[in-house]
Amino acid sequence: MEKDQIALILEEIGTLLEIRGENSFRCQAYHAGARALRQLEGDLSALVREKQLQSVPGIGKTLAEKISTLAVTGKLDFYEELRAATPSGLLQIVRLPSVGPKKAMTIYQQLGVSDIAELKAACLDSRVASLKGFGPKTQKKILEGIEFLGQVGQRVRIDQAEAIARAVLDELAEVPGVIRIELCGSLRRRRETINDLDILASSADPGPLMERFARLRGVVEVIGKGDTKCSVTLDRNRYGGASLRINADLRVVRDDQFAFALHYFTGSKEHNVAVRARAQKMGLKLNEYELADTNRSIPCKDEAELFQVLGMDYISPEMRENMGEIEAAAARQLPRLVCLEDLQGTFHCHTNWSDGAATIEEMAEAARALGLKYLGIADHSQSLTIANGLTPDRVRIQHAEIDRLNSRMNGFRIFKGTECDILPDGGLDFTDDVLASFDYVVASVHSHFNQSEDEMTTRIIRAVSHPLVTMLGHSTGRVLLRRDGYKVNLEQVLRAAARHGTMVEINAHPQRLDLDWVHCKRAKSLGVGLVINPDAHRTEEIGLLRFGIDVARRGWLEMKNVFNTQAIDQIAPLLRYKASRAIQSPQLA
DNA sequence: GCCGTTTTCGGCCCGACTGTTTTCAGTCG
């Protein structure tokens, strides 16, 4: 069984134990274990085989045994027994807002209600409101929560969340008395999908901000509102887009509390716990309002000062996942993360020669306008007829066109590339002599997504082992929140890429964003070269590169790990390097 | 259930808010 599946089971065990009223720290341990597993770099089966699971923070003796059992046999008696003893519908019920494990258990024991449908019926004839500790408002919230479940998926893509957040910040910034205001939470950490918006502001007078927030243009419901904290549901259609709902929280603090609150509400939770533990060891107390020793508060005007007092270098929000960043910051060994301004060009863009909307020249001019020094054109290859893939004859004509454009583009270079299909058997969609006519080759899977994991892994490894393949395109084929990627053992693919000097793409399109950040970090440690590509089909999509930078930073990448930070005069010889290396070392081919 | 430069036992974040109460339990982040 794979680690993501096992993580889901650990999470479910944690929730089931909560419903049964188990010690909350024991429940937490299962949730923490699930998260540790998800963020695990490298091969789970190897860790299991070598009995090294316990070396992973958050996984102790018990969890290591249970994970091993699941990994090897795909079954776990402890889990089966828990499931048998607790109606599975309760797992849905505890996810409803304002319902937690205690209320779920009360509903089950007092009313015999064990799934959402029964709960809805119980609310409609007011049986829920009559329970001790419940009332009409709770019942109404539960009903609304059931409706909400029907109409929305929970997470939202980062680009969508960001657009709504910008509109909200613009409205709030006008409110008199606002001193500082920032986005926090997973959006500030630049995760690929976002659950809700967290906004933090400082002001000596929170009242007007709270009022304004509850009346924002996008608000369809006020979930809760106090003196310093307010929660609302926003709908994007109030800002002119298609309907998309997301919850948003605003917290207002005094300005001298802002640095602590910003760190606290940025998270991640795991990072916060670890930082607080570090503070405790230093005899300090850290919470969302202050840092203090036994007799006095230690003022910090911003996060940089906060980290400094705790003996650490500044940790960028993207790295705050308790994945080693605290130790690295304390040892003054944090990487200098790559940033958008470091990018000199990019390699995976389409034009109207295949399924893009713009001409080669328009794409090149758009890239130049963004400050880039070169652009790689990688239109689809011949077998992708649905995207008007290029035949070898059209490739030759396109190359002549690129030569013509290059002859008059001062200080800018268009590189000749292809996004060449990886055929079902791992072969490539052009013959070697055609492939050799390009400056570089991006190899991608666009067909036969439902091969077995072994077939797909073998297929992709064969492609990245080819001496003329420069980089692997979108490595999992996922479309975020719409479809999972194909089944592939990325660990093996990354190892093959490292062995053959083939780069792996970070696809910057916010609908895709593969390689994900965990594998990105793994690729770095395996010595795989990464390249950030927008997969642009229109001129304005070249700007999507910034979402690829987010992934790179979450994956701890530095300039030297990202190929397209190289200056224009370095690029051409480096693109030829792999082919020449293969010729010199034929055993690699 | 995890963890250890004060601990192999005893901590593990805790404050805001809501809805139900009439002083507080449960949820949430």
Side-chain angles (χ1 to χ4, degrees), chain A residues 10-11 13-19 21-37 53-67 78 93-107 128-142 144-145 184-186 195-200 206 210 214 222-232 247-253 257 260-261 263-292 311 322 330:
Chain A
L10 293 184
E11 254 169 22
I13 292 175
T15 307
L16 288 167
L17 291 173
E18 279 168 8
I19 293 172
E22 277 289 337
N23 174 301
S24 67
F25 298 107
R26 186 180 174 212
C27 305
Q28 279 306 315
Y30 280 93
H31 290 296
R35 209 183 136 95
L37 203 54
L53 263 176
Q54 271 195 76
S55 66
V56 178
I59 297 178
K61 187 160 177 286
T62 308
L63 283 183
E65 277 171 19
K66 292 191 160 87
I67 293 168
F78 175 66
I93 290 176
V94 289
R95 292 209 184 93
L96 292 168
S98 82
V99 182
K102 296 280 191 327
K103 285 211 167 86
M105 203 54 180
T106 303
I107 289 166
V128 171
S130 65
L131 289 172
K132 185 175 164 57
F134 291 63
K137 290 201 174 175
T138 304
Q139 179 168 277
K140 183 160 172 282
K141 276 207 161 167
I142 291 174
E144 286 168 356
C184 322
S186 49
N195 215 7
D196 50 20
L197 304 179
D198 294 299
I199 299 164
L200 174 72
M210 303 298 288
V222 177
I223 300 165
K225 182 163 169 287
D227 294 338
T228 62
K229 183 185 169 187
C230 182
S231 299
V232 300
N247 288 342
D249 292 338
L250 171 70
R251 197 60 100 89
V252 184
V253 298
Q257 299 169 325
F260 310 106
H263 179 257
Y264 181 87
F265 290 112
T266 296
S268 65
K269 203 161 84 182
E270 288 73 9
H271 169 91
N272 287 355
V273 167
V275 169
R276 217 167 15 242
R278 180 178 172 84
Q280 274 167 5
K281 272 182 209 155
M282 297 171 74
L284 302 170
K285 173 175 171 277
L286 175 67
N287 60 32
E288 62 251 66
Y289 301 116
E290 67 168 357
L291 178 66
N322 195 26

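Because only heavy atoms are used, hydrogens play no part in the values below, and waters and symmetry mates are left out as well, while side chains stay in. Numbers restart at 1 for each chain; the letters A, B, ... are given by sequence-line order, proteins then strands.
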Run the side-chain contact (heavy atoms from CB on, under 4.5 Å) test on A:Met210 and A:Val252 for me, step by step, so that the C-alpha distance in whole Å, both residues' side-chain angles and the decisive distance to 0.1 Å come before the verdict. CA-CA 8 Å; A:Met210 303 298 288; A:Val252 184; 3.9 Å; yes
- Task: Please assess A:Ile59 against A:Ile67 for the test side-chain contact (heavy atoms from CB on, under 4.5 Å), listing each intermediate value before the final yes or no.
- Result: CA-CA 9 Å; A:Ile59 297 178; A:Ile67 293 168; 3.8 Å; yes
Run the numbers on A:Leu284 and A:Arg278 for side-chain contact (heavy atoms from CB on, under 4.5 Å), then give the verdict. CA-CA 9 Å; A:Leu284 302 170; A:Arg278 180 178 172 84; over 6 Å; no
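In this structure, A:Lys66 atom NZ and B:dC2 atom C1' are separated by 13 Å, rounded to whole Å. Between A:Asn322 atom CG and B:dC2 atom P the separation is 16 Å, expressed in whole Å. In this structure, A:Leu96 atom CG and B:dT27 atom P are separated by 12 Å, rounded to whole Å. Atom CE of A:Met105 and atom P of B:dG26 are 14 Å apart (whole Å). The NZ-P distance, from A:Lys103 to B:dT18, rounds to 13 Å in whole Å. If you take CG of A:Asn272 and P of B:dG29, they are 15 Å apart, rounded to a whole angstrom. What separates CG of A:Leu10 from C1' of B:dC2 is a distance of 14 Å, to the nearest Å. Computed from coordinates, the A:Leu131 CG to B:dG26 C1' distance equals 14 Å when rounded to whole Å.
At least one side-chain heavy atom of A:Asn272 sits under 4.5 Å from a side-chain heavy atom of A:His263.
If you take atom C1' in B:dG26 and the same atom in B:dT20, they sit 10 Å apart, rounded to whole Å. Rounded to a whole angstrom, the distance from the P atom of B:dG1 to that of B:dT5 is 23 Å. With both ends at atom C1', the span from B:dT23 to B:dT18 equals 15 Å, rounded to whole Å. Rounded to whole Å, the separation between the P atoms of B:dT7 and B:dC12 comes to 16 Å. Spacing between B:dC17 and B:dT8 at atom C1', rounded to whole Å, works out to 39 Å. Nucleotides B:dC13 and B:dC28 have their C1' atoms positioned 13 Å apart, rounded to a whole Å. A gap of 32 Å separates the P atoms of B:dC2 and B:dA16, to the nearest Å.
Which of B:dG29, B:dG1, B:dG19 sits closest to the side chain of A:Arg26 comes down to B:dG1. Across B:dT27, B:dT18, B:dC3, the shortest atom-to-atom separation from the side chain of A:Pro57 is found for B:dC3. Of the listed nucleotides (B:dG26, B:dG1, B:dT18), B:dT18 has the atom at the smallest distance from the side chain of A:Lys225. Distances were taken from every side-chain heavy atom of A:Tyr30 (C-beta onward) to each of B:dT27, B:dG1, B:dG29; the shortest belongs to B:dG1.
Toward the 5' end of DNA chain B, the nearer of the two residues A:Gly100 and A:Val56, judged by each one's closest nucleotide, is A:Val56.
Across all strands shown, A:Gly58 has heavy atoms under 4.0 Å from sugar-phosphate atoms exclusively, and none from any base.
Taking both residues in full, the closest heavy atoms of A:Ala104 and A:Val94 are given as CB-CG1, 3.5 Å, listed atom of the first, atom of the second, then distance. For A:Asp227 against A:Pro206, the heavy-atom pair with the smallest separation is O-CB, 3.7 Å. Considering every non-hydrogen atom in both A:His31 and A:Gly14, the closest pair reads NE2-C, 3.6 Å. Contact detail for A:Cys230 and A:Val222: the closest heavy-atom pair is SG-CG1, 4.5 Å.
Contact check, A:Thr138 against B:dT18: no side-chain N or O comes under 4.0 Å of OP1 or OP2.
Look at B:dT8: it lacks any Watson-Crick or wobble partner with both distances under 3.5 angstrom.
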In B/S/- notation (B base, S sugar-phosphate only, - none; protein heavy atoms under 4.0 Å), nucleotides 5-16 of chain B written 5' to 3' is -------BB-SS
